[in-house]
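A short write-up of the structure that comes next.
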There are 2 protein chains.
Amino acid sequence: MSKYHALTEAQAVQYARSLPDLFTPDSELSSHEIGDGNLNLVFHISEPSTGKSIILKQAIPYAKVVGESMPLTLDRARIESEALLIQESLCPDLVPHVYAYEPDLALTVMQDLSDHTIMRKGLIEGNRYPLFAQHIGRFIAHTLFYTSDLGMNQQEKKLRVKQFINPELCKITEDLIFDDPYRDADTNNIPPAIRDAVEVLWKDQELLLEVAILRNGFLTKAQSLLHGDLHTGSIFIKEDSTKVIDPEFAYYGPMGFDIGALFANLLLNFTAQEGWSKDAKSRADYRNYLLGTVKDVWSFFVGEFRSLWALYGVDRVFAGESYQDYYLQQVLRDTWGYTGAKMVRRVHGLAQVADINKLEDPAAKERAQRIALRIGTTLIKQHRQATSIDGLIEIALNNVE
Amino acid sequence: MSKYHALTEAQAVQYARSLPDLFTPDSELSSHEIGDGNLNLVFHISEPSTGKSIILKQAIPYAKVVGESMPLTLDRARIESEALLIQESLCPDLVPHVYAYEPDLALTVMQDLSDHTIMRKGLIEGNRYPLFAQHIGRFIAHTLFYTSDLGMNQQEKKLRVKQFINPELCKITEDLIFDDPYRDADTNNIPPAIRDAVEVLWKDQELLLEVAILRNGFLTKAQSLLHGDLHTGSIFIKEDSTKVIDPEFAYYGPMGFDIGALFANLLLNFTAQEGWSKDAKSRADYRNYLLGTVKDVWSFFVGEFRSLWALYGVDRVFAGESYQDYYLQQVLRDTWGYTGAKMVRRVHGLAQVADINKLEDPAAKERAQRIALRIGTTLIKQHRQATSIDGLIEIALNNVE
């Protein structure tokens, strides 16, 4: 680690020049640091003469969390680049290409996706992405299946578990998703208007039991190599392309945690239509689009997952149809639960979402927050009885009608 | 690994002499290799002039499994000695003391337990061990609690998971316990007299579903650092002392797997009383003793585990009483299931037990085998509905009456 130093823009250019087969020798390159500076430096390096460009992402050895700097391992750059390479091997079109990884500098060189939009922003703008459900359904089916005991050599899988032991970033999730929102923690950002609803959670014993069960699953269920932070801010999108980025939270955990992260963020945008939609009809339309996306993602996931299992399952004992039904039912239950947990933490936890927080009308914002808490807590409480994705959609609809 | 070489008896003496503070300088030491030679060399080194003695256990780089040699990692010696050291830190009186560990030689120097008997042998001889339930109940409570997310720092636990990734030895369990007994595998040793009952298992879809669920738990549920092979042949015992040995299968898995291994082997001896007991009364007596032991172990375990949790639980979210009840019910369910799986594999799998196999009367042996299959398969099938340890005991009794 002694060779580590944070790059300047000039050093980023110099490093980019040293990469083989990317830029024309001696051509002019421009460099801009475009990261938000919380966790990483992000340099956009472009060659005006050819239009070529790349991204250099460099981890910095601290994070601005809880308002101040705290040390954070540079090993997350290794985790991110190694996870990206595995994901690229499984779904080459759905992640940025990695050109190089420089361990000493905690630096990953990857494809520039400036022509894509961050999906959260796209949804806030009311855009629709007709290919998204199919793309992301394939992404979760392939990454979750092929890294699990169902789809890869089970002894190599154990070495993967070892490779992706990720204590520091898991700790962030454990605190911010599965602990702090359920007590009066300093890290929370409780909107004063809904403090009454938040305080109800802290005393709801039925809810707290189910949160403990979900926390335990996050801590112990080493099913698949997860992305670990699969919200709509980790997805670059345009009409015909979907790219999943930023897998620095990758570790072996429950499949439903990734799927739930995705559904939670679609449903948070669903609640935020209290403010974004111009009228009742456009609100109902866009909500239907979002719920349709949830349903389609699940259908594509299940269809693809089942066919991968039938064709490429590695385990004789797991090949029975009734076991596969049982297994997918467990994934569904986890998905309900983690969807709920991921919604609740975004309402009054440390890290919230622009979908709700950028609403200008305080009444609409408050309605969205209360709806999100109701949907989230209902999903958490009912997750062990879940039987279908339609049930989840019904809970969402019941809480806005 | 280049420094590795299998020790001769003379080299074992030489090595023992080099250990500080053990033997008198220049005194005569005797050395005998007493291992069965399947997996390890075991040297008993003693100093006749003082009566002092130690054990040198050296892993050999292959195993005699399936009738021929297969390569097997020497890393298991590291796993064994590191697991022993953790167990010793938690229950110093219940494991052999480790004097030294020599990684290059895959060699562990430990306390000589020649004054103890292997418990399987003791049970076959009809002995009773009044302190055993209390001892082993404490062993499982402390080792399972303090290595789990309930009782240790959760980020350090993840590093422990990494430390005890144990692919090769887990593979043996995965094959011999959770696969081969449920198909016509070459590795099985099917007693011809009960082939009919064995073939029934292979077509029992209800059973195969539950076996798949238990297999999945073994593969993915990283709850605690398990001993991994906690049968009565891994326990040295005498009236006032219990010592758990041989944790080379240690890895992070479901708590119920260790408890189930123990119960299965008590119940196998229970079935074998078809032959060992002289008459109906002594048979009923000894069976009551064994079932009483199962019940007492569970009670001591639960009592101790709950009090450790109350006093030393590290996790606020897991502190609720209803969660603790839920958690222990899940451990009970796993215990039923793994007890059943561990019984079935010992009837017609590769590795069987002397309790049954040493019975001389073929009719008694066959009865014992059929009883073991009935108890085992019933426990597997009903494990997800388990509510009490009494239910397990009832199943055992119902199948001999």
Side-chain angles (χ1 to χ4, degrees), chain A residues 148-150 153-171 174-175 178-183 185 205-206 208-224 251-255 315-327 330 384, chain B residues 148-150 153-171 174-175 178-183 185 205-206 208-224 251-255 315-327 330 384:
Chain A
S148 78
D149 287 300
L150 311 176
N153 177 286
Q154 296 174 344
Q155 275 42 61
E156 284 167 25
K157 180 244 181 179
K158 293 171 178 65
L159 302 179
R160 283 268 177 88
V161 172
K162 188 172 175 175
Q163 177 184 356
F164 288 98
I165 292 288
N166 196 355
E168 281 189 58
L169 276 82
C170 284
K171 171 77 171 149
E174 289 155 22
D175 289 348
F178 298 111
D179 187 349
D180 299 352
Y182 304 96
R183 63 186 178 102
Q205 296 305 319
E206 186 194 346
L208 298 179
L209 169 62
E210 302 301 324
V211 168
I213 289 170
L214 291 166
R215 176 176 173 87
N216 182 57
F218 184 84
L219 287 165
T220 61
K221 201 186 263 190
Q223 255 179 340
S224 292
Y251 88 110
Y252 263 81
M255 298 185 180
D315 192 312
R316 189 195 70 80
V317 179
F318 293 154
E321 202 183 327
S322 62
Y323 180 68
Q324 301 191 356
D325 293 344
Y326 164 86
Y327 192 97
Q330 301 303 311
R384 287 191 290 150
Chain B
S148 78
D149 287 300
L150 312 176
N153 177 287
Q154 296 175 344
Q155 275 42 61
E156 284 168 26
K157 180 243 181 180
K158 293 171 179 65
L159 301 179
R160 283 269 176 88
V161 171
K162 188 172 176 176
Q163 177 184 356
F164 288 98
I165 291 288
N166 196 354
E168 281 189 57
L169 276 82
C170 284
K171 172 76 170 150
E174 289 155 22
D175 289 349
F178 298 111
D179 187 348
D180 298 353
Y182 303 96
R183 64 185 177 104
Q205 296 305 317
E206 186 194 346
L208 298 179
L209 169 63
E210 302 301 324
V211 169
I213 290 170
L214 291 165
R215 176 177 174 85
N216 182 57
F218 184 85
L219 286 165
T220 61
K221 200 186 265 188
Q223 252 177 344
S224 291
Y251 89 110
Y252 263 80
M255 297 184 181
D315 192 311
R316 189 195 71 79
V317 179
F318 293 155
E321 200 181 330
S322 63
Y323 180 68
Q324 300 191 357
D325 292 344
Y326 165 85
Y327 193 97
Q330 302 303 311
R384 286 191 290 150

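Just so it is clear: chains get the letters A, B, ... in the order the sequence lines come, proteins before strands, and each one is counted from 1.
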Contact part of [X] toward chain B, heavy-atom cut-off under 4.5 Å: side chain, backbone, both or neither?
| X | result |
| --- | --- |
| Arg215(A) | both |
| Tyr323(A) | both |
| Asp149(A) | side chain |
| Glu210(A) | neither |
| Asn216(A) | both |
| Tyr327(A) | side chain |
| Leu150(A) | neither |

**Item:** Side chain / backbone / both / neither for Tyr326(B) at chain A, heavy atoms under 4.5 Å
**Value:**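 Just the side chain, heavy atoms under 4.5 Å.
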Check: [Y] and [X] side chains under 4.5 Å, non-hydrogen atoms:
| X | Y | answer |
| --- | --- | --- |
| Thr220(A) | Lys157(B) | yes |
| Ser322(A) | Gln205(B) | no |
| Lys158(A) | Leu219(B) | yes |

**Item:** Qualifying residues under side chain to side chain contact (heavy atoms under 4.5 Å, CB included), relative to Ser224(B), sequence neighbours excluded
**Value:**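 Counting only residues at least two positions away or on another chain, Ser224(B) forms a side chain to side chain contact (heavy atoms under 4.5 Å, CB included) with Leu144(B), Thr147(B), Ser148(B), Leu226(B), Met255(B).
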**Prompt:** More than 12 heavy atoms of other residues, nucleotides or ligands under 6.0 Å from CD of Glu321(B): is that the case?
**Reply:**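 For Glu321(B), atom CD is not crowded (no more than 12 foreign heavy atoms under 6.0 Å).
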**chain B interface, residue from Gln154(A), Lys171(A), Arg316(A), Gln330(A) that has the most non-hydrogen pairs under 4.5 Å** =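 The answer is Arg316(A).
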**Message:** For the interface with chain B, which of Ile213(A), Val211(A), Asn166(A) has the highest count of heavy-atom pairs at distances below 4.5 Å?
**Reply:**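 Option with the top pair count is Ile213(A).
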**Request:** Determine the option with the most heavy-atom pairs under 4.5 angstrom with chain A, choosing from Lys221(B), Glu174(B), Gln223(B), Glu156(B).
**Result:**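 Ranked by heavy-atom pairs under 4.5 Å with chain A, first place is Glu174(B).
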